[in-house]
2 protein chains.
Amino acid sequence: MNKAYAPLILEQFLPFRLSRLSESISLKFAQHYKREYGMNRPEWRALAALGQLGMLTSTQICQHSNMHKTKVSRAVQSLSQRGWLLRKRDDRDRRIEYLQLTPMGKRRYTKLVALAHQFQSEIESTMSSSELSTVNKALRILEKLEINGTSTQ
Amino acid sequence: MNKAYAPLILEQFLPFRLSRLSESISLKFAQHYKREYGMNRPEWRALAALGQLGMLTSTQICQHSNMHKTKVSRAVQSLSQRGWLLRKRDDRDRRIEYLQLTPMGKRRYTKLVALAHQFQSEIESTMSSSELSTVNKALRILEKLEINGTSTQ
DNA sequence: CCGATCAAGTTACAATTGTAACCATTGATT
DNA sequence: AATCAATGGTTACAATTGTAACTTGATCGG
């Protein structure tokens, strides 16, 4: 087979490798909360951010999870309709809305956290501890890239 | 702030880290071929797979790049309409279609490959060689996970 | 105080995507 | 041969998403 051009080896191309990995892993995890709670990815992410960090604005959720603001807006709307979060206007700056989980939201969150921990340990149990530390080191390196955070999505 | 539940630390949760990384890097790279060639992600991926591997069926592209078959179907259709690939039926099994880049398709591919190499070396230039090797080692570890390939998307 | 400008968040609309149903073809079974 | 299940690939339709425009409110310079 004659190829008169230098090919790109996809298996060595970072965006390709990352998105292939991310898609299969995220999809796998999504099956859990999709089936059991009827949630989608933006909803789960917003819930997770609020559960971990307590009280946030939509913009802060955007920045933290690197999601487009319309995604966040819709996720927040949906979580609020389910009664899982409360919105509270800032009195000083009435454009800003603080978001916080309700007790019901916290209960859902707790259940999903259990799922997440289980999922993570299933994955980690297939790695040796040195492999695990390599993976963590690599992720930290990649997360330092200036690319991250530059995008408004 | 009283949180009466054990939180999940998103910054340590693999699906979260991977998708945040993947989305920002892929988006960054996508800007190039989107602006210059009006291509979307599935189109670029199909082109890249064909450019590298020569002649493939749609199903093979699905497996290789972990994309849903409808995505691939549409990407192939679009590439074919631009005259960048040719479809050829298998005579033995007339369900199967072999796909192959045309000379014009190969020219586009070559240009995009140059972009890709440049993109990759920009990223790699910000890492030391030991960091780079850590990243590659980690990606190989993650790619061995049995999760990959289990999904039909 | 008034207009200009900018930020937070929403929404309308178009494009992209996933699910499920569908053809067309093949292979296996009877 | 006739039927049935399985496979490669497409398509209709609904859900999800991104872009751009918008609303509301704050700020800043005159």
Side-chain angles (χ1 to χ4, degrees), chain A residues 19 22-24 26-28 30-31 33-35 37-46 49-50 55-81 85-100 151-153, chain B residues 19 22-24 26-28 30-31 33-35 37-46 49-50 55-81 85-100 151-153:
Chain A
S19 69
S22 152
E23 271 156 37
S24 56
S26 289
L27 202 75
K28 182 84 179 175
Q31 292 175 344
Y33 54 76
K34 196 168 191 183
R35 194 160 19 83
Y37 300 96
M39 297 174 76
N40 60 23
R41 207 128 53 113
E43 282 159 19
W44 149 244
R45 287 226 213 160
L50 287 167
M55 181 185 267
L56 299 169
T57 67
S58 287
T59 317
Q60 287 173 319
I61 296 178
C62 288
Q63 289 159 354
H64 180 261
S65 58
N66 203 22
M67 286 196 291
H68 190 118
K69 62 179 178 171
T70 60
K71 260 190 199 169
V72 173
S73 171
R74 289 180 259 237
V76 165
Q77 225 170 339
S78 151
L79 293 177
S80 155
Q81 275 165 13
L85 67 76
L86 268 183
R87 314 161 91 122
K88 203 165 59 182
R89 280 253 169 256
D90 183 335
D91 291 326
R92 310 275 186 85
D93 185 339
R94 304 184 20 74
R95 290 171 300 188
I96 298 174
E97 245 184 4
Y98 296 108
L99 309 169
Q100 200 171 17
S151 75
T152 327
Q153 276 279 351
Chain B
S19 68
S22 153
E23 272 156 37
S24 57
S26 289
L27 201 75
K28 181 86 180 174
Q31 291 174 345
Y33 55 76
K34 195 168 190 182
R35 193 160 18 84
Y37 300 95
M39 297 173 77
N40 60 23
R41 208 130 50 114
E43 282 159 21
W44 150 245
R45 289 226 212 159
L50 287 167
M55 180 185 268
L56 299 170
T57 66
S58 288
T59 317
Q60 288 173 318
I61 296 179
C62 288
Q63 288 159 354
H64 180 260
S65 59
N66 201 20
M67 285 197 290
H68 190 114
K69 63 179 180 173
T70 60
K71 262 190 198 168
V72 173
S73 170
R74 286 162 196 150
V76 165
Q77 223 171 338
S78 152
L79 292 176
S80 156
Q81 276 166 12
L85 67 76
L86 269 182
R87 314 162 90 123
K88 204 165 59 182
R89 281 251 169 259
D90 184 333
D91 291 326
R92 309 274 186 84
D93 184 341
R94 301 181 22 70
R95 290 169 301 186
I96 297 174
E97 245 183 4
Y98 297 108
L99 309 169
Q100 200 170 18
S151 75
T152 328
Q153 276 284 345

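Below, read A as the first sequence line, B as the second, and so on, with proteins coming before strands; counting in each chain starts at 1. Note: hydrogens, waters and symmetry copies are ignored here, and every other heavy atom, side chains too, is used. Keep in mind it's a predicted model, so treat the numbers as computed, not measured.
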If you define the side chain from C-beta out and look only at heavy atoms, does anything of [X] sit under 4.5 Å from [Y]?
X       : Y       : result
A/Thr59 : A/Lys69 : no
B/Arg74 : B/Pro42 : no
A/Met55 : A/Lys88 : yes
B/Leu99 : B/Ile61 : yes

Nearest-Å distance for atom pair [atom1]/[atom2], residues [X] and [N]:
X       : N      : atom1 : atom2 : result
B/Arg45 : C/dT16 : CZ    : P     : 16 Å
B/Lys34 : C/dA15 : NZ    : P     : 11 Å
B/Gln31 : D/dG18 : CD    : C1'   : 13 Å
A/Met67 : D/dT16 : CE    : C1'   : 13 Å
B/Lys71 : C/dA20 : NZ    : P     : 17 Å
A/Arg41 : D/dT17 : CZ    : P     : 8 Å
A/Met39 : D/dT16 : CE    : P     : 13 Å
B/Arg94 : D/dT7  : CZ    : P     : 20 Å

Per-nucleotide protein contact along nucleotides 1-14 of chain C, 5' to 3', at a 4.0 Å heavy-atom cut-off (B base, S sugar-phosphate only, - neither), is ------BSBBB---
Could you check B/Leu79 against B/Met39 for side chain to side chain contact (heavy atoms under 4.5 Å, CB included), going step by step and ending with a plain yes or no?
CA-CA 9 Å; B/Leu79 292 176; B/Met39 297 173 77; 4.2 Å; yes
Quick one, B/Thr57 with B/Tyr98, criterion side chain to side chain contact (heavy atoms under 4.5 Å, CB included). Give me CA distance, side-chain angles, the key distance, then yes/no. CA-CA 5 Å; B/Thr57 66; B/Tyr98 297 108; 3.8 Å; yes
- prompt: Heavy atoms under 4.0 Å, any strand shown: does B/Arg92 hit a base, just sugar-phosphate, or nothing?
  reply: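 Sugar-phosphate: the residue B/Arg92, judged by heavy atoms under 4.0 Å, touches backbone atoms but no base.
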